[in-house]
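Just below is one structure, and these are the notes that go with it.
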2 protein chains.
Amino acid sequence: MNVKDALSALSALANEHRLKVFRLLVEAGHEGRSAGEIADALAMPASSLSFHLAHLNRAGLIAQRRESRSLIYSADFARMNALVAFLTENCCSGGVCAPLVKPQRRKSA
Amino acid sequence: MNVKDALSALSALANEHRLKVFRLLVEAGHEGRSAGEIADALAMPASSLSFHLAHLNRAGLIAQRRESRSLIYSADFARMNALVAFLTENCCSGGVCAPLVKPQRRKSA
DNA sequence: CTAATATTTCGATATTACTTGAAATATCAA
DNA sequence: TTGATATTTCAAGTAATATCGAAATATTAG
């Protein structure tokens, strides 16, 4: 991941609504959630949500697929991993800021 | 680190100039760099830099100390570590997106 | 105290981001 | 094809961020 991509991903996550959307999609796993389900869960107008989904999608953090009338969004874990790797490699130093690899708090998936 | 702090740190890093400043300070290590040195290195007007330094400082990603007439800024590695931990714990899932702990590309420090 | 240096704060402007109803597009079912 | 459902795109407004010269503040030296 280069600086441009990292900036794009960072600014995609640097918003309350988009961070919520992304976290919801992380919990949803590979299966994902439709735009309608996300809008219901987060109680936001469809057009507002669409704006934020487009932003996350442009940054490569989520994928979109159509299933009949619904558009299903899902988190792109590889991309998120690449962002974490970028931050660890470029914004940490001498091991001082190396990831702790804490035991993961697992949900259902 | 809570969601509010994470958003603050993400938006601080989600800017070309501030990411450059932060990376420069990571390389500078504990010693840090004065505002003037940073302005020279990145060729930006003092008042613009000051705006960005204040942003990073508010987010807790950098510390400020005075040394005679100069204000010295330095990266807060603990805070950066906390951000990476937040992203790993909250925005990854089932180990799919766990940090790889690649060998660090070391600079001088 | 006065001058010089280092940096921030102010203020005005410019740019970018967010919000949301309404209109447009896509899919499916009858 | 018509109607219903799901979602996006458009447009026009509001809000938040960024820019940078000039003025203000802090520190040191003479």
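Just so it is clear, the structure is predicted and the values come from calculations on it, not from any experiment.
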Tell me, please, which residues at least two apart from [X] pass side-chain contact (heavy atoms from CB on, under 4.5 Å).
{"X": "B:His17", "answer": "B:Asn15, B:Met44, B:His52"}
{"X": "A:Ala59", "answer": "A:Ser8, A:Ala12, A:Leu61"}
{"X": "A:Ala14", "answer": "B:Leu10, B:Ser11, B:Ala14"}
{"X": "B:Phe51", "answer": "B:Arg18"}

Listed once per pair and sorted, the salt bridge (Lys or Arg N to Asp or Glu O under 4.0 Å) pairs that draw on [range], sequence neighbours left out:
{"range": "residues 68-81 of chain B", "answer": "B:Asp5-B:Arg79"}
{"range": "residues 42-54 of chain B", "answer": "none"}
{"range": "residues 37-49 of chain A", "answer": "none"}

Check: Rounded to whole angstrom units, what separation is found between the CE atom of A:Met44 and the P atom of D:dT7?
Finding: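 My rounded result for the distance is 15 Å.
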Checklist line | Separation of atom CG in A:Leu71 from atom C1' in D:dT5, rounded to whole Å | finding: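 Whole-Å distance recorded here is 12 Å.
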Next item on the list: Would you please confirm or rule out a distance under 4.0 Å between OP1 or OP2 of C:dA6 and any side-chain N or O of B:Tyr73?
Entry: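 Negative; the distance criterion is not met.
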Check: Can you list, by residue number, the residues of residues 6-14 of chain B that have a non-hydrogen atom closer than 4.0 angstrom to DNA chain D?
Finding: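 None - not one residue of the stretch has a heavy atom sitting under 4.0 Å from the strand.
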Close N/O contacts between protein and nucleotides 1-5 of chain C (under 3.5 Å):
| from | atom 1 | to | atom 2 | distance (Å) |
| --- | --- | --- | --- | --- |
| C:dT5 | O4' | B:Arg69 | NH1 | 3.4 |

Margin query: Just to be sure I understand the geometry, which residues of residues 45-66 of chain B put a non-hydrogen atom under 4.0 Å away from DNA chain C?
Written below: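 Those residues whose heavy atoms fall under 4.0 Å from DNA chain C, taken from residues 45-66 of chain B in numerical order, are B:Ala46, B:Ser47, B:Ser50.
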Next item on the list: Provide the full list of side chain to side chain donor-acceptor pair (under 3.5 Å) pairs with a residue in residues 54-66 of chain B, sequence neighbours left out, each pair given once.
Entry: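 Checked against side chain to side chain donor-acceptor pair (under 3.5 Å) - neighbours excluded - the pairs reaching residues 54-66 of chain B are B:Gln64-B:Tyr73, B:Arg65-B:Glu67.
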